[in-house]
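Have a look at the structure below, then the notes.
Position 1 is the first residue of the sequence, and the numbers go up from there.
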Amino acid sequence: MIKKLDTLVGGIITGLIGTVLGFLLLGAFWSNSNGESLSYFIENIAAKSLLYRDSILTLSTLFNVGIFYLGIRAEWWRFCRGILMV
């Protein structure tokens, strides 16, 4: 079953899910550090702030580095190619 993830589409879908999870983890950390809610982070910082938008996207996609490392260790080359496409 898990070997079926070794496809280009599996890597792309996993990369997108990893980016969303990275965004939520970053938002949860920011919200906890600043005493605000996660919805405040999403609505005001991520959506409206032009200054931080690139940094938020960069930090969100860094979550995929760990997933990419696991794919390399398992020698899932098509999966890793899909993650890199994201």
Side-chain angles (χ1 to χ4, degrees):
M1 168 83 179
I2 205 116
K3 185 68 173 165
K4 291 183 181 181
L5 280 176
D6 187 19
T7 63
L8 187 66
V9 175
I12 291 171
I13 291 171
T14 304
L16 291 173
I17 291 171
T19 302
V20 170
L21 286 176
F23 175 77
L24 292 175
L25 285 173
L26 174 66
F29 177 76
W30 185 92
S31 299
N32 189 28
S33 298
N34 293 307
E36 296 288 343
S37 66
L38 182 60
S39 63
Y40 178 84
F41 172 77
I42 293 171
E43 293 170 4
N44 294 313
I45 305 301
K48 294 181 183 174
S49 175
L50 296 176
L51 181 64
Y52 297 116
R53 190 170 292 162
D54 292 337
S55 300
I56 291 170
L57 182 61
T58 301
L59 287 174
S60 296
T61 55
L62 279 177
F63 189 77
N64 288 339
V65 172
I67 300 169
F68 181 78
Y69 175 75
L70 294 175
I72 288 288
R73 298 285 293 177
E75 296 181 358
W76 291 2
W77 310 123
R78 291 180 296 262
F79 176 81
C80 291
R81 190 177 302 143
I83 289 179
L84 284 178
M85 289 179 77
V86 172

Partners meeting ring-ring contact (aromatic ring centres under 6.0 Å, His included) with Phe23 (sequence neighbours left out):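 Testing Phe23 for ring-ring contact (aromatic ring centres under 6.0 Å, His included), a comparison that skips the adjacent residues, returns Phe41.
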
Distance-minimising heavy-atom pair for Ala46 and Ile56: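 Smallest heavy-atom distance, with atoms named: CA-CD1, 3.8 Å.
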
Shortest non-hydrogen contact from Glu43 toward Lys48: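 Here Glu43 and Lys48 meet closest at O-CG, 3.4 Å.
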
Compare all side-chain heavy atoms of Phe79 with those of Ile67 and state whether any distance is below 4.5 angstrom.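 Yes, their side chains come closer than 4.5 Å.
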
Can you check whether Cys80 reaches Leu84 side chain to side chain, under 4.5 Å on heavy atoms?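 The answer is no; the side chains never approach within 4.5 Å.
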
Cluster question for you: counting only ILVMFWY and a side-chain heavy-atom cut-off of under 4.5 Å, with indirect links fine, are [X] and [Y] together?
X: Val20; Y: Ile45; result: yes
X: Val65; Y: Leu59; result: yes
X: Trp76; Y: Ile13; result: yes
X: Ile17; Y: Leu24; result: no

So, taking the atom named CG in Asn32 and the one named CG in Leu38, what distance separates them when rounded to the nearest 0.5 Å?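 Here the interatomic distance stands at 11.0 Å.
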
To the nearest 0.5 Å, what is the distance between CG (Leu21) and CG (Leu26)?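 The CG atom of Leu21 sits 12.5 Å away from the CG atom of Leu26.
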
In chain order, what residues pass the side chain to side chain contact (heavy atoms under 4.5 Å, CB included) check against Arg81, with sequence neighbours excluded?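 Checked Arg81 against side chain to side chain contact (heavy atoms under 4.5 Å, CB included); matches are Leu8, Arg78.
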
Between Thr61 and Thr58, is there a donor-acceptor pair closer than 3.5 Å when you use the side chain of the first and the backbone of the second?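 Yes: the side chain of Thr61 pairs with the backbone of Thr58.
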
